[in-house]
Each structure stands twice: as structure tokens, then as C-alpha cells.
Amino acid sequence: MMKALLGAATLALGLGLGAPSIACELDRPLKMAGLDYDSAAFHTAVASAIAERGFGCKVERVPGVIAPLVNGMARGDVDIVMEIWMANPVDAWVKAAEAGKVEPLGTTFPDASEGWFVPRYLVSGADAKAPELKTVQDLKRYKVLFTDPEEPGKGRFYNCVAGWVCEGVNTKKLAVYGLADDFTNTRGGSGEALVAAIESALKRKRPVVFYYWGPSWLLGAYDLVKLEEAPFDATIWAELKASDNPKRATAYPMSKVVIGANVDLAKKAPQLASFFKSYGTTSDVTSKMLAEAREKGVTPEQQALVFLKTQGEIWKKWLPAEVAGKVAASL
């Protein structure tokens, strides 16, 4: 016991905290999925900082994309994946959950969304050019506003990157909504190329219609309006995804995004697991953090510290008072 206390004190002094450190429940690093897209990278950074500063754990990032990382979590090579989108979960998650190898803990955010957006300045205000543009079907009447310079007889719709699941869904929706002959289906070679074109129009206050998702820095940085579609219907959604020539379409589902964990984590580290079970933000909070990070040109790790310094009313609820105090003191 004395050795443990001395070791904890030494760690605290090494961190410059001057108070006894809480010993990590794991005798190895906490292994977190290193998903590289912005919302996942941000939340991984926030959770990592709390695990390190509050629980005294070392954290190891395991880089990769979602399916291999979930498979790794099922094997025990990864402890935590910060984003599992439950409205359309990756097959690896479904199989691992059915096998009892992984489990959901807290809710990273309950309100992730996808859809077709236009800027608010286009549809509301004294200078709005399309005040009656409210639904996706209304786009047909306003196609001249979105004229594609390469095909002047058509409007331009910015889809996802070619090959992404959303690209196929949006292409089908253009056909179902009778817009395929009126809008060019513009797919970029990369996400950054598409968002650059969209942001260019937004900065110049020009008409633009595009698919996007939240949370994201774009939704945090700009005032956007999601065009209305028929309310989400699970049966129609399944038909839309399965058929090459669907006859009906529906809105994208709102997605609850949860933290996935290997089931052994709760047995080995119940305090850490309790923290992850209590974790929770919103799409809006996340989008604003991402927009701020992009504007300042900072890393997810740097923005995670901004979040911890400025949003204590959110994250302190996830932790016992002792641990929350430890994190706060470290900042």
C-alpha cells in the first residue's frame, strides 16, 4: 500500500499537480479507436484527456477505419470506439454485439442528422431569393438559382464523395424526387474538395444546395436550413437502400451515436466504464467545437482542452467530484 501511495504521489508531481493521483484501474494503456474524421477525433481527444488527467491512465490510439476497429474491439485489441452510429451501424458492430463481445456505454450525442441543406440567407430575410423553398420537391422550381456553369440548363447539387454510402442514397433520391434531369449530380474526389466548393458559395452568399451531416464544423460555422422530406420511415428507407430503382424516398434517420466498448472493460475498470456510460454531448455543441477548431487551425487535442476549460457544466457531470477536480486542476 505504501509503495502504491508513493508511486501515485510521484506521478502527480511529475504532472505538476501536487496532489495524490488516482491510480488507473488498468495495468496497461487504455486503447481507444483512432478514427480520423473530425467529430470522432474530437471526442476521442476529450475522453483521452479525462482518462489521462482524471484517472491517471495512459492512452494508446489505434488508428484505422470503423469496421476493422470494431472487429478489433470485439477481439479485445481496442477498448473504446467513441462513435457507433446506431441508425445505420456497421455490420461488424451488429455481429459483435449479437455475440456478446461489445456493448454500448454512453451517448456521444443523441441527435446526429443528415440531409440536404441550403443557406438561411437564401430562404429567409428581406433579401431571400427563394422564400418558398422549403422542401426537396421545391428545388425543381428554383433550379435556375443553382445553375451549373458547365450545364447551364440544370442546377447543381453537391452530393457526397463518389463511393460513399450517402452518395448512392442521394443519387437515388434525386431520381425519386424527379430532380435527376434538372440537377447535375456533382460528386467530388474527396470530402475536402466538395466542402471547399460549398464554402466558397457560402462565403460569397450565393445559392447552393448540398448534402451534409451533423455534427460537423460546417453546420457549426454557417447558418443552414435542412430541406424538408417525408418523415423517416424505416420500411421506405430499407427499400431505398436495397433497390437499384426505388419508387419512394424518405428523410435520413436521426441517429443516436453511442460509445462502443469491449465487454471486458467494465469488469476490469468499472470506474472508467462508469465515466464512459455518463459521457454525453449534443450535435450542436460538437459542431460549434469543430467550427471553432477549424477557424483557429488547432488540433483535436488542442480543442479538447478548450472544451474542458470552457464547458465544465457539461463534462463535470460525467465524473465523481474527486476526478472532476483532478481534471480541472490539471488545466
Are [Y] and [X] connected into the same hydrophobic cluster when the rule is that any two of I, L, V, M, F, W, Y join if their side-chain heavy atoms are below 4.5 Å apart?
X	Y	answer
Ile80	Val257	no
Trp164	Ile198	yes
Trp217	Val208	yes
Tyr37	Tyr212	no

Dump the intermediate steps for side-chain contact (heavy atoms from CB on, under 4.5 Å) on Met289 and Val46, then the final yes or no. CA-CA 11 Å; Met289 284 287 118; Val46 170; over 6 Å; no
Name each donor-acceptor pair under 3.5 Å that joins a side chain in residues 89-111 to protein atoms two or more places apart or in another chain, with its distance.
| unit_1 | atom_1 | unit_2 | atom_2 | d |
| --- | --- | --- | --- | --- |
| Thr108 | OG1 | Met82 | O | 2.5 |
| Asp111 | OD1 | Ser283 | N | 2.9 |

Ionic contact status for [Y] with [X], cut-off 4.0 Å:
X	Y	result
Asp181	Lys143	no
Asp182	Lys140	yes
Glu192	Arg294	yes

Residue pair [X] / [Y], side-chain heavy-atom distance below 4.5 Å:
X	Y	answer
Ser243	Glu239	no
Tyr177	Glu229	yes
Arg53	Leu305	yes
Leu139	Phe146	yes
Leu26	Leu272	yes
Leu240	Lys173	yes
Phe42	Thr281	no

May I ask you to decide if Ser274's main-chain N or O and Ser278's side chain share a donor-acceptor pair within less than 3.5 Å? yes
Has the side chain of Thr250 got a donor or acceptor atom that lies under 3.5 Å from a matching backbone atom of Asp233? yes
Can Glu150 and Thr184 be said to form a side-chain hydrogen bond (donor to acceptor under 3.5 Å, both in side chains), step by step? CA-CA 9 Å; Glu150 297 179 9; Thr184 56; over 6 Å; no
Which heavy atom of [X] sits nearest a heavy atom of [Y], and at what distance?
X	Y	answer
Gln271	Glu25	N-OE2, 3.0 Å
Met32	Ser48	SD-OG, 3.4 Å
Val118	Leu122	CB-CD2, 4.2 Å
Leu194	Asn159	CD1-O, 2.9 Å
Ala291	Ala221	CB-N, 3.6 Å
Arg75	Asn262	C-ND2, 4.4 Å

Is the closest side-chain donor-acceptor distance between Asn185 and Thr171 under 3.5 Å? yes
Working to the nearest 0.5 angstrom, can you tell me the gap between [X] [atom1] and [Y] [atom2]?
X	Y	atom1	atom2	value
Ser124	Asp223	OG	CG	7.0 Å
Phe183	Asp148	CZ	CG	10.5 Å
Leu290	Glu292	CG	CD	10.0 Å
Lys58	Leu30	NZ	CG	13.0 Å

Other residues, nucleotides, ligands: >12 heavy atoms within 6.0 Å of [X] [atom1]:
X	atom1	answer
Glu132	CD	no
Glu301	CD	yes
Arg206	CZ	no
Lys277	NZ	no

Determine, stepwise, if the pair Thr135 / Asp138 fulfils side-chain hydrogen bond (donor to acceptor under 3.5 Å, both in side chains). CA-CA 5 Å; Thr135 73; Asp138 294 335; 3.2 Å; yes
Go through it in stages, so that I can follow the logic: the residues are Thr286 and His43, the test is side-chain contact (heavy atoms from CB on, under 4.5 Å), and I'd like the CA-CA distance, side-chain angles, deciding distance and then a yes or no. CA-CA 8 Å; Thr286 304; His43 283 290; 3.0 Å; yes
Could you tell me whether Tyr252 and Trp237 have their ring centroids closer than 6.0 angstrom? yes
Applying side-chain contact (heavy atoms from CB on, under 4.5 Å), run through Phe117 and Tyr222 and close with a yes or a no. CA-CA 11 Å; Phe117 291 87; Tyr222 293 97; over 6 Å; no
Which word best sums up how the rings of Tyr211 and Trp213 line up, parallel for under 30°, tilted for 30 to 60°, or perpendicular for over 60°?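 Tyr211 vs Trp213 ring planes: tilted.
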Over 60° means perpendicular and under 30° means parallel, so classify the ring planes of Trp318 and Phe275, tilted if in between. tilted
Among Lys267, Lys268, Arg28, which residue satisfies the salt bridge (Lys or Arg N to Asp or Glu O under 4.0 Å) criterion with Asp79?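 Only one of Lys267, Lys268, Arg28 forms a salt bridge (Lys or Arg N to Asp or Glu O under 4.0 Å) with Asp79, namely Arg28.
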Please test Tyr142 against Val209 for side-chain contact (heavy atoms from CB on, under 4.5 Å), starting from the C-alpha separation and ending with a verdict. CA-CA 11 Å; Tyr142 289 102; Val209 57; over 6 Å; no
